Amino acid sequence: MQKGVTYALVSAVLFGLSTPLAKRFVGTTHPLVLAGLLYAGSGVGLVMVLVARRILARADRFIGMPDRVEWLWLGGAILFGGVVGPVALMYGLRTTPASSASLLLNLEAVFTALLAWFLFGENFDRRIALGMLAIVAGGVALAWSPREGNVSYGALLIAGACLAWALDNNLTRRASAADAVLIAALKGLAGAIVNLGLAVTLGQRLPTAITWSAAMVVGFLGYGVSLTLFVLALRDLGSARTGAYFSIAPFFGAVVAIVLQGDAIHWQLLIAGALMAFGTWLHLTERHVHSHVHEWQEHEHSHMHDAHHSHPHDFEWDGREPHTHRHVHSPITHAHPHYPDIHHRHEH
């Protein structure tokens, strides 16, 4: 299995597992406070990982920093994903039933794909489009509740949050060659500052030490580690395909709810599982091959020496791979199976 697919699926599993675990805190913790603690767990935990890795590595070249343009993309991603999205969601949830909100959250994958395909020029074919449609349909089936179908301004806010996160996904893809842990840490810290700041402004208080520490652990795994893997998947698969795989997260959440909380197995879960499995199969069996041109490119990311990385080193290299340093890609034309990763963002 392509490593980017593995990153995306594990990211979806971790995020899906975090949802039923986070629900255990909802009864005693305000939504803004809970969101802030989850993001804080992500940001603080990943900063600790960065510090530990820096101490162990003892070399700057193992940390892939964004360049000047990538910082602009990343700044936009943090604005939309860490500020606009969470705030719109929290205020939208105040007047929107949970079932309707779950249904609307599937719009993130749709918006991500549409923006990737038609605004940012990411390639797709009928097989990928059908796979995306099947996965999103599975999410709709999982969240559908015929008795709660009203749409309000709260629902529009949730749809707006999905659009903000879709922009976040596509902007993050532009900076995904940089260090994934750093990107995820910055997003986590931004989300924590915004949500906890709003909570304090509204007069909300932190829960008990046991609750907030447990919430931060869930946030580190379900948001921090998950987001790091999501960025790595963006690097290898592009926005639309990563978003499609990540859309199966609610299915894992539902399965965990059945195992841990004794929820009943219902027809929606079975239909959703079948649709998502079909859509994932379509994506996994994709084979995109054609002759393509690699233009001259200079960037920095973790890599191994292969057909795309046959460059000299301007430092004393100890032979370890993968490694990280700034390097140049010379123009090359060849044909092989590929995804729209950071080296294959060419026109068709």
Side-chain angles (χ1 to χ4, degrees), residues 7-8 10-19 21-22 25 29-54 63-66 70-90 105 108 112 161-162 164-200 204 206-207 211-235 242-243 246 249:
Y7 292 146
V10 175
S11 174
V13 171
L14 287 174
F15 185 76
L17 293 177
S18 72
T19 302
L21 293 176
F25 309 123
T29 309
H30 188 273
L32 278 175
V33 175
L34 179 56
L37 290 173
L38 292 170
Y39 277 113
S42 169
V44 174
L46 291 177
V47 166
M48 294 173 64
V49 171
L50 284 171
V51 172
R53 193 179 60 181
R54 180 65 178 270
I63 311 297
M65 296 296 292
E70 289 173 339
W71 275 117
L72 294 176
W73 293 120
L74 186 55
I78 291 173
L79 172 64
F80 286 108
V83 180
V84 177
V87 172
L89 176 63
M90 291 305 150
L105 286 173
E108 181 184 348
T112 296
C162 292
W165 284 323
L167 283 167
D168 169 19
N169 293 338
N170 281 281
L171 293 174
T172 299
R173 182 213 179 200
R174 296 277 173 161
S176 60
D179 189 83
V181 179
L182 175 64
I183 291 174
L186 290 173
K187 285 189 174 185
L189 293 175
I193 291 171
V194 170
N195 284 282
L196 290 177
L198 280 174
V200 171
Q204 300 299 324
L206 287 176
T211 299
W212 65 254
S213 58
M216 288 184 68
V217 171
V218 172
F220 171 66
L221 295 173
Y223 285 58
V225 178
S226 175
L227 181 54
T228 300
L229 294 172
F230 186 87
V231 174
L232 291 173
L234 285 174
R235 179 186 300 174
T242 302
F246 194 76

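Because the structure is predicted, anything quoted here is derived from the model rather than measured. Computed over heavy atoms, backbone and side chain alike; hydrogens, waters and symmetry mates excluded.
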> With rounding to the nearest 0.5 angstrom, report the CG to CG distance, Leu17 to Leu221.
9.5 Å
> Measuring from atom OH of Tyr39 to atom CG of Leu34, what distance do you get when rounded to the nearest 0.5 angstrom?
11.0 Å
> Could you report the tightest heavy-atom contact between Thr228 and Ala180, atom names first, then the distance?
O-CB, 3.7 Å
> Is there side-chain contact between Leu37 and Leu206, with at least one heavy-atom pair below 4.5 Å?
yes
> Quick one: CH2 on Trp165 to CZ on Phe80, what's the gap to the nearest 0.5 Å?
14.0 Å
> Specify the closest pair of heavy atoms between Val47 and Leu189, including all atoms of both residues, with the distance to one decimal.
CG2-CD1, 3.9 Å
> Of all the heavy-atom pairs spanning Ala77 and Leu171, show the shortest one and how long it is.
N-CD1, 3.7 Å
> For residues Lys187 and Leu46, determine if any side-chain heavy atom of one lies less than 4.5 Å from a side-chain heavy atom of the other.
no
> Measure the spacing between CG of Leu14 and CZ of Phe220 and express it to the nearest 0.5 Å.
10.0 Å
> Taking atom CG of Leu38 and atom CE of Met216, what is their separation to the nearest 0.5 Å?
9.5 Å
> Using only atom types and a distance under 3.5 Å, with no angle test, would you say the side chain of Thr242 pairs donor to acceptor with the backbone of Ala233?
yes
> For the side chain of Ser226 and the backbone of Tyr223, is there at least one donor-acceptor N/O pair under 3.5 Å apart?
no
> Give a yes or no on whether the backbone of Pro207 and the side-chain of Thr211 come within a donor-acceptor separation of less than 3.5 Å.
no
> Of all heavy-atom pairs between Leu196 and Gly36, which one has the smallest distance, and what is that distance?
CG-CA, 3.7 Å
> With a 6.0 Å cut-off on the ring centroids, do Tyr7 and Phe230 count as close?
no
> So, taking the atom named CD1 in Ile183 and the one named CG in Leu227, what distance separates them when rounded to the nearest 0.5 Å?
8.5 Å
> Side chain to side chain contact (heavy atoms under 4.5 Å, CB included) for Leu232 and Arg235? Distances and angles first, verdict last.
CA-CA 5 Å; Leu232 291 173; Arg235 179 186 300 174; 3.7 Å; yes
> If I compare all heavy atoms of Arg174 with all of Glu70, which pair ends up nearest, and what's the gap?
O-CG, 3.9 Å
> Give the minimum heavy-atom separation between Gly81 and Pro86, together with the two atoms involved.
O-CD, 3.2 Å
> Any side-chain heavy atom of Val181 within less than 4.5 Å of one from Arg53?
yes
> Indicate yes or no: does Asp168 engage Arg173 in a salt bridge with an N to O separation below 4.0 Å.
no
> One pair to check against side chain to side chain contact (heavy atoms under 4.5 Å, CB included): Asn169 and Glu108. What are the steps and the verdict?
CA-CA 9 Å; Asn169 293 338; Glu108 181 184 348; 3.2 Å; yes
> Between Ser42 and Gly188, is there a donor-acceptor pair closer than 3.5 Å when you use the side chain of the first and the backbone of the second?
no
